[in-house]
Amino acid sequence: MLIDKYSRTVYNLAFNFCGCSDDANDLTQDIFIKIYKNIDKFDESFNISSWIIRISKNHCIDYWRKNKKNNFRIDLEDNLVRDENSPEDNLIKSGDLNKLREKILKLKPEVRSLLILRDIQNHSYQEIADSLNIPLGTVKSKINRARIQLAKLYEDR
Amino acid sequence: MNCNKFEELLSAYQDNSLSPDEKKTFTDHMKLCSDCEAITEEVDHIKAILPELNRDVPFFLKNRLYLIGESDEEQAPVRNYAYLKWVAAGIGTMVLFLNLFYFTNIFPAANKTLHTAVAGVENFVVEAEAFIGRIKESNNLFIFKKTEVITKANKKKRDAKAKRKTIRGFKYG
């Protein structure tokens, strides 16, 4: 079923794109509604995963442009790390992740989505290029620039 | 190699896809330039922690998503009646204009045509009423005298039935 297979990809793209779990929930729901509404239009000779990624990315960018351009926030509570490390370590790690998430939101929506797909979701460059219909070289150079920009922003923390 | 070129090749270096010559030039520059070295370390660090931003889909959200799937499967195709509002708007506008032309004389030609048309309709109605009146009076058409016509046609049958009833009345009464 589509939801079992792709909900994690869509949700993580939405969540890392907008930085807030409430918005990510709404976005994920909207994206799946869109997917179900347009499933008849899907050309079966193409890869469904690419199609879903493209719909998700476009929807996230549209949403960002409409709603969040000047008003983004991240939920600190959403990013609390609770693993086997000591509470102090977890707190430091949570702080790092919050900082990183905050910096990701400062990237341009287009490169942000590419970075999320590559470095957070671990899709290959080729897969991203196919999904978004962008030349492979462009994907690589955009992701490279996004990493450097993010590193510089992160360094300034 | 300058710093811009270094940044351009950074991902390729990390993906280990540089040629041996490029790799040597790259590492030589990194040894000399502390800024580029720092950037490389920072990018490495970020790349290592970025996957930790991945998280599971909340349980309640997944349930909600399943409901979308189910409702979509059950739903009959929805007909789009959006055009009806335009039809209604068109009719409304037309009626408005007809009234305007009929009751005012802002557009004499339209006013005259409308009055002629209305007079024609009125005449037609009067003539139709008179025609129907004549038909009713003539008392011949079966649509108004249906029962009578049927009665005449089945007179024989009805008489026979009445006779049978009378006989039965004697027998059991």
Side-chain angles (χ1 to χ4, degrees), chain A residues 1-4 6-16 19 21 24-26 28-37 39-40 78-79 81 83 93-94 96-101 103-104 115-116 118-122 125 140-155, chain B residues 1-18 22 26 29-30 33-80:
Chain A
M1 196 177 180
L2 282 179
I3 288 156
D4 290 328
Y6 299 106
S7 58
R8 196 177 155 89
T9 306
V10 173
Y11 176 72
N12 276 295
L13 182 60
F15 183 54
N16 290 302
S21 63
N25 294 341
D26 292 344
T28 309
Q29 211 169 308
D30 291 347
I31 290 167
F32 272 100
I33 289 172
K34 210 172 184 178
I35 289 169
Y36 276 108
K37 271 187 183 168
I39 198 94
D40 298 337
D78 289 340
N79 303 316
V81 176
D83 56 22
K93 207 171 172 184
S94 300
D96 277 357
L97 292 181
N98 279 331
K99 209 77 198 164
L100 191 58
R101 209 185 284 284
K103 301 298 177 193
I104 289 174
L115 188 86
I116 292 167
R118 174 68 195 129
D119 287 344
I120 299 180
Q121 303 204 348
N122 205 23
Y125 289 116
K140 281 184 178 176
S141 66
K142 277 187 175 176
I143 290 173
N144 183 44
R145 276 204 295 276
R147 281 173 186 156
I148 292 166
Q149 195 187 345
L150 187 62
K152 285 177 181 171
L153 288 167
Y154 191 68
E155 210 177 25
Chain B
M1 180 180 273
N2 59 23
C3 295
N4 285 340
K5 184 73 185 165
F6 179 89
E7 286 184 357
E8 215 176 279
L9 296 176
L10 183 56
S11 285
Y13 169 74
Q14 287 170 331
D15 295 340
N16 210 13
S17 58
L18 289 180
E22 280 177 325
F26 187 91
H29 178 83
M30 195 159 54
C33 179
S34 57
D35 284 349
C36 287
E37 191 184 6
I39 282 286
T40 312
E41 280 172 13
E42 202 66 71
V43 170
D44 276 337
H45 174 62
I46 283 171
K47 274 181 76 179
I49 59 172
L50 274 172
E52 290 182 39
L53 293 179
N54 239 335
R55 46 159 50 204
D56 288 331
V57 183
F59 183 69
F60 72 91
L61 176 63
K62 211 160 186 180
N63 280 342
R64 256 197 264 167
L65 296 179
Y66 284 130
L67 287 177
I68 296 172
E70 283 171 17
S71 65
D72 192 77
E73 279 160 19
E74 285 166 10
Q75 263 175 19
V78 181
R79 286 186 183 175
N80 188 5

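Computed from a predicted structure; not experimentally measured. Chain A is the first sequence line, chain B the second, and so forth, proteins listed ahead of strands; every chain is numbered from 1.
- For chain B, no part of I35(A) is nearby; none of its heavy atoms comes within less than 4.5 Å.
- Among the candidates V10(A), N122(A), D119(A), the residue making the largest number of heavy-atom pairs closer than 4.5 Å to chain B is D119(A).
- Take N12(A) and apply the side-chain hydrogen bond (donor to acceptor under 3.5 Å, both in side chains) test, not counting sequence neighbours, and it matches N54(B).
- In this structure, K103(A) fails the cation-pi test against Y154(A), since its NZ or CZ atom is not both closer than 6.0 Å to the six-membered ring centre and inside 45 degrees of the ring normal.
- Both the backbone and the side chain of S7(A) come within less than 4.5 Å of a heavy atom in chain B.
- When heavy atoms are compared at a cutoff of 4.5 Å, I116(A) does not approach chain B at all.
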**Message:** Using the rule given for side chain to side chain contact (heavy atoms under 4.5 Å, CB included), can you reason through L13(A) versus T9(A), listing the C-alpha separation, both sets of side-chain angles and the distance that settles it, and then say yes or no?
**Reply:** CA-CA 6 Å; L13(A) 182 60; T9(A) 306; 5.7 Å; no
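- For the set E41(B), Q14(B), K62(B), E7(B), the entry with the most heavy-atom pairs within less than 4.5 Å of chain A is E7(B).
- Heavy-atom distances place the side chain of D15(B), and not its backbone, under 4.5 Å from chain A.
- Heavy-atom distances place both the backbone and the side chain of L150(A) under 4.5 Å from chain B.
- A cation-pi contact, defined as under 6.0 Å to the ring centre and within 45° of the axis, is absent between R55(B) and Y11(A).
- Both the backbone and the side chain of L10(B) have a heavy atom closer than 4.5 Å to some heavy atom of chain A.
- Proximity of F15(A) to N25(A): side-chain heavy atoms (C-beta onward) are nowhere separated by under 4.5 Å.
- With sequence neighbours left out, the salt bridge (charged side-chain N to carboxylate O under 4.0 Å, His left out) criterion links K5(B) to E8(B).
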